[in-house]
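None of the values given here were measured: they were computed from a predicted structure. For the numbers below, each heavy atom of this structure counts, side chains included, while hydrogens, waters and symmetry mates do not. Here is the naming used below: chain letters follow the sequence lines, and residue numbers restart at 1 for every chain.
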Amino acid sequence: MIEKNYQPADIEARMSVVWEDSLAFKAGRPDRRDAVPFTIVIPPPNVTGSLHMGHALNNTLQDILCRFERMRGRDVLWQPGTDHAGIATQMVVERQLMERQQPGRREMGRERFLERVWQWKAESGDTIINQLKRLGASCDWSRERFTMDEGLSKAVVKVFVQLHRDGLIYKDKRLVNWDTKLLTAISDLEVQQTEVKGSLWYLRYPIEGKTFSPGNPSSFIVVATTRPETMLGDTGVAVHPEDERYQKLVGKNVVLPLVGRRIKIVADEYSDPAKGSGAVKVTPAHDFNDFEVGNRHGLRRISVLDKEGCLDLVDNEDYLRDLPEGAGQFAEEFHKTDRFAARKRIVERLESFGFVERIEPHTHMVPHGDRSGSVIEPYLTDQWYVDAKTLAKPAIAAVRSGETSFVPKNWEKTYFEWMENIQPWCISRQLWWGHQIPAWYGPDGKVFVAETEEEAISHALGYYVEQEVITAEQGREMALDRNKREGFITRDEDVLDTWFSSALWPFSTLGWPEDTPEVKRYYPTNVLVTGWDIIFFWVARMMMMGLHFMKEAPFSTVYIHRLVRDEKGAKMSKSKGNVIDPLNLIDEYGADALRFALAREAAHTHDIKLSSQLVEINRNFATKLWNSCRFAEMNNCVVPEGFEPAKAKEPLNRWIAHKAAETTREVTEALEAHSFNEAAGAMYRFVLNIYCDWYVELAKPALLGADGPLKDETRAMVAWARDEILKLLHPFMPFITEELWEVTAKRESLLALAPWPLKPTGPTPEQLAMLAAAAGPTDPLVSPAFVMPIFDHADFSDPKAEAEIGWVIDLVTQIRSVRAEMNIPPATLTALVLAGASAETRERAPRWTDVIKRMARLSEISFADRAPDGAVQLLVRGEVAALPLKGVVDIAAERTRLDKEIAKADADIKRAEAKLANEKFVVNAAEEVVEEEREKREAALARKAKLLEALERLKQAS
RNA sequence: GGGCACGUAGCUCAGCGGGAGAGCACUACCUUGACAUGGUAGGGGUCACAGGUUCGAUCCCUGUCGUGCCCA
């Protein structure tokens, strides 16, 4: 029994349990052993996270594909899991400690802090997983993975060691993006350039050997800078080689104000003559461009800041070297001044000596950390890097060759653009939460990289024994006793960028580096579904790692969807307070409604503007579906055993079978092309505009009428079409369809595992290759998974039924329309006279008397040779349908209506004739287009003739 | 500065070489035997602008204007 009211919450709770208990989503189910695999790896959400709209969209789309392919008989693995999200998680736990006024991270020490994070993960890590389940995500939950799992950590270490051995991971001292708040390096991608209103300071640098005087321009050179405080680290001034103003000065020295350091004026093309003064100060240790300039001219790198972004001058040998006497005093005065305070103080000091020429307001881009929000400092440190340039080459080639393709395709351009200009990837982070880098250092700083501590230690000790740094005896002791080697050999403190482990996700989750059957069967995966914002962070890096370690691209298709925004189109953010919580929407309208809303909006080009109203509309659709199933149930509609829709006899039933087949094809093709909105739209239209509006209405007389073959067949077809709808809708609205599937009939299987109504087009060559590689029976065409009870929609094509039902629909629609136009109240029943009806009409009309009467509010239907005097005359498929309304409607109004119709017909004739009179059109246009135009003309002419007749009759009547 | 999108009904968006579509909103009517979370009908658009290609352009090309995003 279907409940009277649709209550999504009850259904969703119940169906989740049903699916879970039946292991419906388990990959490698015995009944799918011979099926072609279909694999998607979930973009692992952060363990800290809770479900947001982006997840809702992302996972809805993945689930649609997974459920679709599962119903098509594939062995689906949707691999779930979560990401340890280094910085984010560490911050969350630290914040929690602070809120509870517990000792902070540093006070706790690394070991205890990590225990604490694991504890937090155990308590809260399930949140997002449970939320995904509420959305209906059909992941194989038994295979859930976490990027810090033992297995995945093994993969990380293996990859690091091997890349290091291959020379693709190395340690380097260069400028990094330093986050002075989080005290760690971050990668280029984690830096957000934000426009900031600042100033451009024009500073006077005195030329060596001249007496500085603010009034004498030849005694100094003016440099423009946005960061005056870094001048303490200046080691050069650059001018453009072709800038005539400065040519004489190239090679000379200036004396750095306040500091007294003598620095060289160099010619370098980096300096833009049109910008500022045309001369720039060069601070190689605090600016990425200056670093390069410095390299080209052999300038020293002097770091003047510490990790927290404060001036670091006292005891700074680099800074103090070669400074004149008295420099120490200045250093002490400014030591440990925060960089922003330092900017102010240094400018003041410069001004007091006349070193500032002018200050202009200046808007420029300033780098900010995407997590901390603080201004990022280019900072000179030792970090680990991945040689991304080398790894990118095969990753670029794989997309060029089509081994992997993006949908929509234009994202490939973005991908190439970035990959071709890729920079070394800084992978070390000065954090605690993450995969600790498997590198150990000896007393001289020599690095030993190995998969295990034992291995590294033994290498290191062997090396130092050989170098006679220690004796063999000492080596043995240190090998056996951790305490003895402490201080001699130390492990790298740093951890890896979170994205390093995510980059391995498509194969690490399958058990790699172990040689598991899952790796063989499910790699490479089929589709990756993600937002464009992480193409660089994640997709590109998975491509690089996948190709390097697996020799195959990790996925054949990358489907990029857009972002979900609020209803005004603004990006959702906590600070703006415009975040729509998907769980609230699920509570209010149901997961199915949310999913269907997202799917219907998921077109390729636009971001999705989501409002609760949008979800409400789709909940209403679910309600409609619910009620239509109740209708079928109330009329005892069941599919009898052995029912063959293609063999139906009744035109109405043949018609709906045909429409269902068309829709099946449409939905299937749209899903194959990842056109989610088209597929969902097709279902929306079919359910509302075909099944509910017409088929069910037209079927009512048969269902309510006398027992007999007509009633039997109609009952069967109503139920059959309902089942087709449930199947086709299942990927989009899994809960409600599964529920209705269960309660409407005795079923052989869950809907989630029921066969899709349309046969797959067959395995692709890629799938065939995969099958050939896999063990077991290999011919997919004879494998059970591919032999489905299918139909070919050509079997259902029936022009006669189409014409008959089309006539009924047109007739009803037109009568309704004219009644509304003539203001005839629904309570007024009118008669219908089919005038001069053809034999065909006379034959089929009686079959539809009841339904037409009901739907068009008629009292009776009769035939006549001609329309009665003064009747309203409609032209339905070339024949006159007359409503004898003399006295009810105004004859003049009816004349006006007919005149309008005639004018319309005239316009059509004119347009068609104009085209056909154009010789170029007849010669150049496709034959069928010309033919179509001729038909249009004939139809319009015939219509006009009939309308003129009708008008004549009306005139006679008045 | 370089790149990618996008300007279609009041709003949100489909369509993308052969006569303008949906949902919402709006108007009028309807408690008809699945459904008022409903039904029926209706109004509303020089498809941003200007050129070009074409027998034919909302659709392809070029330019202009406007909007959004990404990268420097």
Side-chain angles (χ1 to χ4, degrees), chain A residues 2 4-8 188-189 192-193 288-289 365 408 410-418 421 532-533 535-536 562-563 565 567-571 589-590 593 597 600-611 613-614 616-635 637 675 677-678 680-681 684-685 688-689 692-693 696-697 700 703-704 718 722 812-827 829 853-857 904 907-908 911-912 914-926 928-930 932-933 936 940:
Chain A
I2 304 177
K4 176 140 191 347
N5 291 312
Y6 166 51
Q7 306 280 8
D188 296 344
L189 289 175
Q192 300 286 322
Q193 300 289 341
F288 287 98
N289 289 311
M365 300 302 263
N410 37 326
W411 288 109
E412 288 179 5
K413 184 157 183 159
T414 309
Y415 173 84
F416 289 136
E417 199 68 31
W418 190 70
N421 296 296
W532 50 265
D533 48 340
I535 292 179
F536 306 144
R562 308 301 296 223
L563 299 183
R565 298 170 173 276
E567 54 195 301
K568 293 188 196 94
K571 209 168 168 172
Y589 303 107
R600 286 184 66 205
E601 296 300 314
H604 294 325
T605 49
H606 272 92
D607 284 354
I608 297 175
K609 290 179 190 160
L610 190 85
S611 61
Q613 191 199 39
L614 191 67
E616 187 184 347
I617 292 162
N618 290 286
R619 190 276 318 268
N620 295 351
F621 172 73
T623 306
K624 184 82 180 173
L625 173 71
W626 186 264
N627 285 312
S628 72
C629 290
R630 278 184 64 220
F631 172 82
E633 184 181 65
M634 289 160 79
N635 286 282
C637 295
S675 298
N677 59 325
E678 277 178 34
Y684 188 86
R685 287 190 299 273
L688 292 186
N689 306 135
C692 290
D693 287 356
V696 166
E697 292 303 324
K700 277 177 182 172
L703 295 171
L704 299 169
V718 167
R722 173 205 61 206
V812 170
T813 306
Q814 286 197 50
I815 295 172
R816 279 170 169 174
S817 182
V818 79
R819 284 180 60 113
E821 202 180 327
M822 301 281 169
N823 290 317
I824 300 165
L829 301 186
K853 278 167 77 176
R854 206 173 57 81
M855 295 182 81
R857 314 293 299 157
K904 234 190 266 173
D908 287 352
R911 188 182 301 114
K915 276 197 175 186
L916 290 166
N918 182 346
E919 204 177 309
K920 285 181 174 174
F921 170 74
V922 180
V923 173
N924 290 319
E928 59 266 30
V929 174
V930 178
E932 209 176 295
E933 215 55 46
K936 274 186 207 164

Can you tell me the base-pairing partner of B:C49? Count Watson-Crick or G-U wobble geometry only, both distances below 3.5 Å, and say none if there is no partner.
B:G63

Quick one: A:R562 CZ to B:C13 P, roughly how many Å, whole number?
12 Å

If the P atom of B:U58 is compared with that of B:A20, how far apart are they to the nearest Å?
9 Å

By the 4.0 Å heavy-atom rule, please label A:L614 as base, sugar-phosphate, or nothing.
nothing

Check every strand shown and say whether A:A926 touches a base, only sugar-phosphate, or nothing at a heavy-atom separation below 4.0 Å.
base

Where the side chain of A:P826 is defined as all heavy atoms beyond and including C-beta, which of B:C29, B:G3, B:A41 is the nearest nucleotide?
B:C29

With a 4.0 Å cutoff (strictly under), does any side-chain N or O of A:N823 reach OP1 or OP2 of B:C29?
no

Interatomic distance at C1', B:C24 relative to B:G18, whole Å:
31 Å

Which listed nucleotide (B:C35, B:C24, B:G42) is nearest to the side chain of A:R630?
B:C35

Who is the Watson-Crick or G-U wobble partner of B:G18, with both distances under 3.5 Å?
B:C55

Side chain of A:E678 (C-beta onward), nearest among B:G15, B:C55, B:A41:
B:G15

A:Q193 CD to B:C69 P: how many Å, rounded?
16 Å

Options B:C55, B:C4, B:G33, nucleotide nearest the side-chain atoms of A:R854
B:G33

Contact check, side chains of A:W418 and A:I535, non-hydrogen atoms, under 4.5 Å:
no

Provide the distance between the two C1' atoms, one in B:C4 and one in B:U37, to the nearest whole Å.
41 Å

How far, in whole Å, is B:C13 from B:C69 if one measures between their P atoms?
14 Å

Could you check A:F536 against A:N5 and say which one's nearest nucleotide on RNA chain B is further toward the 5' end?
A:N5

State whether the side chain of A:S611 and the backbone N or O of A:L614 hold a donor-acceptor pair below 3.5 Å, judged by distance alone.
yes

List the steps, then state whether salt bridge (Lys or Arg N to Asp or Glu O under 4.0 Å) holds for A:R630 with A:E633.
CA-CA 5 Å; A:R630 278 184 64 220; A:E633 184 181 65; 6.0 Å; no

What is the nucleic acid contact for A:C692, judged by heavy atoms within less than 4.0 Å: base, sugar-phosphate only, or nothing?
base

Within the structure shown, what part of the strands sits under 4.0 Å from A:R619 by heavy-atom distance: base, sugar-phosphate, or nothing?
base

Within this structure, what is the NZ-to-C1' distance between A:K915 and B:U54, rounded to whole angstrom?
13 Å

So which nucleotide from B:G33, B:G23, B:G19 ends up closest to the side chain of A:D908?
B:G19

Name the residue closer to the 5' end of RNA chain B, choosing between A:E933 and A:D693 according to the nucleotide with the nearest heavy atom.
A:E933

A:K624, nearest nucleotide to its side chain (from B:G23, B:C4, B:C35)
B:C35

May I have the distance from A:N620 (atom CG) to B:U37 (atom C1'), rounded to whole angstrom?
4 Å

At under 4.0 Å between heavy atoms, what does A:S817 touch on the DNA or RNA strands: base, sugar-phosphate, or nothing?
sugar-phosphate

If we call it a pair only when both distances are under 3.5 Å in a Watson-Crick or G-U wobble match, what pairs with B:G23?
B:C11

Between B:G44 and B:A22, how far apart are the two P atoms, rounded to whole Å?
14 Å

Could you give the distance from CZ (A:R857) to CD1 (A:I824), rounded to the nearest 0.5 Å?
12.0 Å

Whole-Å P distance, B:U40 and B:G33
15 Å

C1' gap between B:C59 and B:G7, integer Å:
14 Å

A:R819 backbone acceptor or donor facing A:N823 side chain under 3.5 Å:
no

Backbone of A:K609 reached by a side-chain donor or acceptor of A:E601 within 3.5 Å:
no

Atom pair CZ/OG of A:R722 and A:S628 - distance to nearest 0.5 Å
9.0 Å

Which of these nucleotides, B:G18, B:C70, B:A34, is closest to any side-chain atom of A:E697?
B:A34

Base, sugar-phosphate, or nothing: which does A:W626 touch, judged by heavy atoms less than 4.0 Å apart?
nothing

Under 4.0 angstrom between A:N924 side-chain N/O and B:C55 OP1 or OP2
yes

How long is the line joining NZ of A:K4 and C1' of B:G38, in whole Å?
11 Å

Output for pair (A:Y6 OH, A:K624 NZ), nearest 0.5 Å, gives 15.5 Å

Starting from P on B:C70, measure out to CH2 on A:W411 and report it in whole angstrom.
10 Å

Nearest-nucleotide pick for A:K413, side chain only, options being B:C69, B:C4, B:G42:
B:C4

Taking atom P in both B:C6 and B:G19, what distance in whole Å separates the two?
24 Å

Length of the CD-P vector between A:E412 and B:C4, whole Å:
14 Å

Whether the side chain of A:D607 engages the backbone of A:L563 through a donor-acceptor N/O pair (distance < 3.5 Å, no angle test) should be reported.
yes

What contact category does A:Q613 fall into here, base, sugar-phosphate, or nothing, at under 4.0 angstrom with non-hydrogen atoms?
sugar-phosphate

Taking the minimum atom-to-atom distance to the side chain of A:V696, which one of B:A34, B:A72, B:A41 wins?
B:A34

Counting only side-chain heavy atoms from C-beta out, which of B:A14, B:A72, B:C24 sits nearest to A:N677?
B:A14

How long is the line joining CG of A:N618 and P of B:C24, in whole Å?
10 Å

Strictly below 4.0 Å: does A:K700 bring a side-chain N or O up to OP1 or OP2 of B:A34?
yes

